[in-house]
Amino acid sequence: MGQPGEKASKFNHQYIINDKKVQDYLKNCYIPDVEHLSDLDLKEFSTDFSTIEDKVESDIEQIFVVDGGYQIVTIKDNYPSAQLAYYSLGFLYFDRKLLKTLNEQQTIDPDDIGKLKNLYKYHFVLPVKIIKFKTGTFVNTIRETIFKIFLENKLTDRDSKSTLLNTVKWLTFKEYLSHENKGKGEISVTCHNCKSRVAFKKKSTYDDCINDTIKCDCGEIIYFTDIFSLHDLVDDFNGATGIVSYLMSVFEVCLILTFFRVAHENKKAQELAKCMFIKDGSLALYSRLDDFNKYVVRPFIQTLYKASIKGKRSFVNIVGLEKSGMFIEHLSNMENKIKNNTLVLPNLKYIKKYITGDTSTVFGENTYFGTKMMYKLDNSLSFVVDFPLPCISENNKCMDYIKYINNPNVEDFLNLKTMINILCELRCDMYNRAFIPVTLINKLVSLSDIPSNKMLTLFTKESISNSKTI
């Protein structure tokens, strides 16, 4: 690398271009080319939306939207830099009847916020580099911080038990199952200090604080949120940059699932059939969160699916809306090939051939609790949407994800028609592939580079200016 301000050479590229090893390497590479997407392939995975019917009854009345944002601020920009991440997340909900009014609007009016039935915000902070508690290591600061974030944030201040930590424990211990299986779930975690494995098993009631931590034989305190394994991506030298977005995504998912827990505990599970939840982003938990997704979140989603089939009403009305990524790029490149009012449900073969390339791994094998689809209403609206993974019975168990994604079927989804129709009602013409409530909440919780970053930097410097550790 050159020195700062030093001009780069204007002719060294020719040595790269003429290098035979580079040429040979590139000849062995290929790019999945949507231009070669055959009409036959597209037809195989496309369904005329007018022919789709809901699998169960759907009577959605309330719409909930969850979104969040963060800003990393630098307190010291000389080496080593000191950084913090500030988070702003929230949810809003409103009556579906309001759609008739909002659907007619082309712009977002600030007065519309007053029409929303409720808006809740959550704010917290995560050290990213150098900054830590006055005792202990940087990694332990991260572990304790994540634990406190889930312990201290509640669905509503009126209910002291509605913490996100209680939701994580409720899901992990499988408190939602029938009496004979209720509370028998467990999960193992590796002690950060001695690397031994310890298991969280329910003691007393699941929400008893005795379940919050375990003291390892080595003396280390293991927090329940260590099951996320996010601290494994952190070290004292490189910091926590790699987990900033992952923390936001697991917070959003647990916030949504807290609604489900509270409804179950208050004997109002039937009311979930009237609620639709919209997450800004995929129905997935990436990186080290994959175990939490595979063994905790996905089984709960599929249990709700089975309950919906039995009750003939959908109790798992969750969608994820994408704004960027490989699937959005793919849709942008090939939407002119899709007929109006058409749903495209790709299988694994299609995904590898036209989107991700022929990878050795299975797309979403451990990370997704949803399935991706592409829908085109007309030339003015098309989008990528995730629907909860169905539970197709196979020997009285849910079919394995890998097996299902090889041959997904639109008829397996509970109320696909109703929810896509609602999304079309929510369209916002301000931006491409935008939806009114998502745009609204994004404006309410997002943190800008200017002035938010600058003001948060000044606030942080003032707040910790007397600390000898900075």
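Only heavy atoms go into these numbers, but all of them, side chains included; no hydrogens, no water, no symmetry mates.
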Q: If the plane angle is over 60° it's perpendicular, under 30° parallel, otherwise tilted; pick one for Phe91 and Phe259.
A: perpendicular
(Q) Would you compute the distance between atom CG of Asp378 and atom CG of Asn341 and round it to the nearest 0.5 angstrom? (A) 9.0 Å
Q) Is the closest side-chain heavy-atom distance between Glu53 and Lys417 below 4.5 Å? A) yes
**Q.** Test item: Pro388 and Tyr305 side chains (from C-beta on) under 4.5 Å apart, heavy atoms
**A.** no
Q.
Tell me if the aromatic rings of Phe363 and Tyr350 count as close, with their centers under 6.0 Å from one another.
A. no
Q.
Ignoring hydrogens, what is the shortest heavy-atom contact between Glu252 and Asp67? Give both atom names and the distance.
A. OE2-C, 3.4 Å
Q: Taking all non-hydrogen atoms of both residues into account, name the closest pair between Gly69 and Met248 and its distance.
A: N-SD, 3.5 Å
Q: Mind telling me whether Phe260 and Phe277 have parallel, tilted or perpendicular rings, with 30° and 60° as the class edges?
A: tilted
Q. Do Thr258 and Arg261 touch side chain to side chain, with heavy atoms closer than 4.5 Å?
A. yes
Q: State, yes or no, whether a side-chain contact exists between Phe292 and Cys254 at a heavy-atom distance under 4.5 Å.
A: yes
**Q.** Contact check, side chains of Val66 and Tyr120, non-hydrogen atoms, under 4.5 Å
**A.** no
Q.
Determine whether Phe228 and Phe150 satisfy the following criterion, ring pair (Phe, Tyr, Trp, His ring centres under 6.0 Å), listing intermediate values before the conclusion.
A. CA-CA 12 Å; Phe228 297 150; Phe150 282 78; 5.1 Å; yes
Q: Answer yes if the ring centres of Phe224 and Phe147 are under 6.0 angstrom apart, and no otherwise.
A: no
Q) Would you call the rings of Tyr87 and Phe124 parallel, tilted or perpendicular, where under 30° means parallel and over 60° means perpendicular? A) parallel
**Q.** Side-chain heavy atoms of Phe200 within contact of Thr172, under 4.5 Å
**A.** no
Q) With a 4.5 Å heavy-atom cut-off, do Asn409 and Ile392 have their side chains touching? A) no
Q.
Can you tell me how far apart CG (Leu345) and CD1 (Ile405) are? Round to the nearest 0.5 Å.
A. 9.0 Å
Q. Quick one: NZ on Lys148 to CZ on Arg143, what's the gap to the nearest 0.5 Å?
A. 13.0 Å
Q) Just how far is it from atom CZ of Phe387 to atom CE of Met373, taken to the nearest 0.5 Å? A) 5.5 Å
Q: Could you check if a side-chain atom of Asn293 sits within less than 4.5 angstrom of a side-chain atom of Asn366, using non-hydrogen atoms only?
A: no
Q. Would you call Lys154-Asp159 a salt bridge at under 4.0 Å N-O?
A. no
(Q) Once rounded to the nearest 0.5 Å, what's the spacing between atom CD1 of Ile221 and atom SG of Cys191? (A) 9.5 Å
Q: Look at Asp59 together with Arg313 and state whether they make a salt bridge at an N to O cut-off of under 4.0 Å.
A: yes
Q: Look up atom CG in Leu423 and atom OG1 in Thr418, then write down how far apart they are to the nearest 0.5 Å.
A: 11.0 Å
Q. Is Lys202 paired with Glu175 through a side-chain N to carboxylate O contact shorter than 4.0 Å?
A. yes
